[in-house]
*Asks:* 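Below you will find the structure I want to go over with you.
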Amino acid sequence: MAALPKAGLPRAILFDMDDTLIRAYAQPEEAWTRLLHVFSAHLDAHDEAAITRVRTAVMEEARAFWSDRAEAAKWRLDIPGARRLSVRRGLARLGRPDDALADRIADSFTELRRQEYRLYPDAHATVDALRDAGVRLGLVTNGASETQRAKIERFELAHRFHHIQIEGEFGQGKPELAVYRHALERLGVAPEEAWMVGDNYEWEVVAPQALGMCGIWYDPFDAGVPAHATAQPTRIIKRLAELIE
């Protein structure tokens, strides 16, 4: 086995992108609350309790929707379309089905999130330091090619990674084990020589550890290990810079 690039670092690190390098979809409750206030008159929701009822219905429908692994794998390539379905179901659940209004709300939320994408402050510096230290770097992200490539370009990520793997281009997404195996192969390392870093417990801890990788869980909002967790993360970080400290 080749020597590690630097004491304490692995030969390779795979990074998730959304809500790991880029703050994209975190804290949806707050974002939905702001957005639904814009539509309060259309929803006949004129106080916080009414807004909360709509938000809860939409988010619970979304959670149910994404809990189906097969459906999730299909709809991850069309997040705006999936969001439309969730909002339609949420309004129907409240007894006021209105597909046209639901689609307007969903599309507005999609645009709100796109406008508010932000690079985490220490993302570039951390990735650059790891690369300078000799670590092979992979970016492994689920989602559609066009959407994810736009983020990669917007946040100047492409030249920072030795390998970039997008679900819509590769044909499979996390947590399928083939995803990690392919990325490791492209980086020329074995699973035990690599870390996976990200915010999704199943995708960045459970699945990588099944292959023998270290699963580093990024928990910037101090959510804590999920109660249903079947595996413990190799390490928990709250800032990306902790990887190089």
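Since the model is a prediction, treat every value here as computed from it, not as a measurement.
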*Asks:* Are the side chain of E204 and the backbone N or O of N200 linked by a donor-acceptor pair below 3.5 Å?
*Replies:* yes

*Asks:* Are side-chain N/O atoms of Q148 and T141 paired as donor and acceptor at under 3.5 Å?
*Replies:*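 Indeed, the side chains of Q148 and T141 share at least one donor-acceptor pair under 3.5 Å.
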
*Asks:* Do NZ/NE/NH1/NH2 and the carboxylate oxygens of E153 and R149 come within less than 4.0 Å?
*Replies:*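 Result for this pair is no, no salt bridge flagged.
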
*Asks:* Would you indicate whether the side-chain heavy atoms of V140 and F161 approach each other to under 4.5 Å?
*Replies:* no

*Asks:* Between NE2 of H162 and CZ of R136, what distance do you get to the nearest 0.5 Å?
*Replies:*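 Going from NE2 on H162 over to CZ on R136, the span is 4.5 Å.
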
*Asks:* Transitively linked via ILVMFWY side-chain contacts under 4.5 Å: I79 with W75?
*Replies:* yes

*Asks:* Please check: side-chain N/O of D219 versus main-chain N/O of G224, any donor-acceptor pairing under 3.5 Å?
*Replies:*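 Side chain of D219 to backbone of G224: a pair is present.
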
*Asks:* Can we say D107 and R83 salt-bridge, meaning some charged N sits less than 4.0 Å from an Asp/Glu carboxylate O?
*Replies:* no

*Asks:* Please examine the side chains of L35 and R55, heavy atoms only from C-beta on, and report whether any two atoms are closer than 4.5 Å.
*Replies:* no

*Asks:* Looking at H124 and F155, would you say the former's side chain and the latter's main chain have a donor-acceptor pair under 3.5 Å?
*Replies:* yes

*Asks:* For A100, does its backbone N or O pair with a side-chain atom of R104 as donor and acceptor, under 3.5 Å?
*Replies:*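 Flag not set: sc R104 to bb A100 has no pair under 3.5 Å.
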
*Asks:* Could you measure the distance from the CZ atom of R131 to the NE2 atom of H159? Nearest 0.5 Å is fine.
*Replies:* 8.0 Å

*Asks:* Between Y218 and Y120, is the ring centre distance below 6.0 Å?
*Replies:* yes

*Asks:* Can you tell me how far CG of D99 sits from CG of L91, rounded to the nearest 0.5 angstrom?
*Replies:* 8.5 Å

*Asks:* Might you point out which heavy atoms bring T126 and I244 nearest each other, and give the distance in Å?
*Replies:* CA-CD1, 4.1 Å

*Asks:* In the structure I gave you, are the side-chain heavy atoms of S108 and V38 within less than 4.5 Å of one another anywhere?
*Replies:* no

*Asks:* Do K151's NZ or CZ and the ring of Y117 fall within the cation-pi criteria of under 6.0 Å and 45°?
*Replies:* yes

*Asks:* Could you tell me whether the side chain of E193 and the main chain of A190 form a donor-acceptor pair under 3.5 Å?
*Replies:*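 Present.
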
*Asks:* Would a distance-only check, ignoring hydrogens and angles, find a side-chain to backbone donor-acceptor pair under 3.5 Å from E167 to G143?
*Replies:*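 Pair found, side chain donor or acceptor close to backbone of G143.
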
*Asks:* Can you tell whether the side chains of K174 and E202 come within less than 4.0 Å, N to carboxylate O?
*Replies:* no

*Asks:* Any donor-acceptor pair under 3.5 Å linking the side chain of N142 with the backbone of G173?
*Replies:* no

*Asks:* Are side-chain heavy atoms of V197 and D16 found at a separation under 4.5 Å?
*Replies:*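 Of all side-chain heavy-atom pairs linking D16 with V197, none is under 4.5 Å.
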
*Asks:* For E192, is there an ion pair with R11 - N to carboxylate O distance below 4.0 angstrom?
*Replies:* no

*Asks:* Using a 3.5 Å distance criterion without hydrogens, assess whether the side chain of E29 forms a donor-acceptor pair with backbone atoms of M59.
*Replies:*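 Looks like no, no N/O pair under 3.5 Å.
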
*Asks:* Is any side-chain N of the basic residue among R88 and E61 closer than 4.0 Å to the acidic one's carboxylate O?
*Replies:*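 Salt bridge: no.
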
*Asks:* Are I22 and L112 co-members of a hydrophobic cluster defined by side-chain heavy atoms under 4.5 Å apart?
*Replies:*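 No, separate clusters.
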
*Asks:* Go through the steps for E30 and R34 under the test salt bridge (charged side-chain N to carboxylate O under 4.0 Å, His left out), then give the verdict.
*Replies:* CA-CA 6 Å; E30 185 274 337; R34 282 191 287 124; 2.5 Å; yes

*Asks:* Side chains of H37 and E48 only: does a donor on one sit below 3.5 Å from an acceptor on the other?
*Replies:* yes

*Asks:* Please state whether the rings of Y201 and W217 are parallel, tilted or perpendicular, taking 30° and 60° as the class boundaries.
*Replies:* perpendicular

*Asks:* Does a donor on one side chain sit under 3.5 Å from an acceptor on the other, for E169 and Q165?
*Replies:*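 No donor-acceptor contact under 3.5 Å links the two side chains.
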
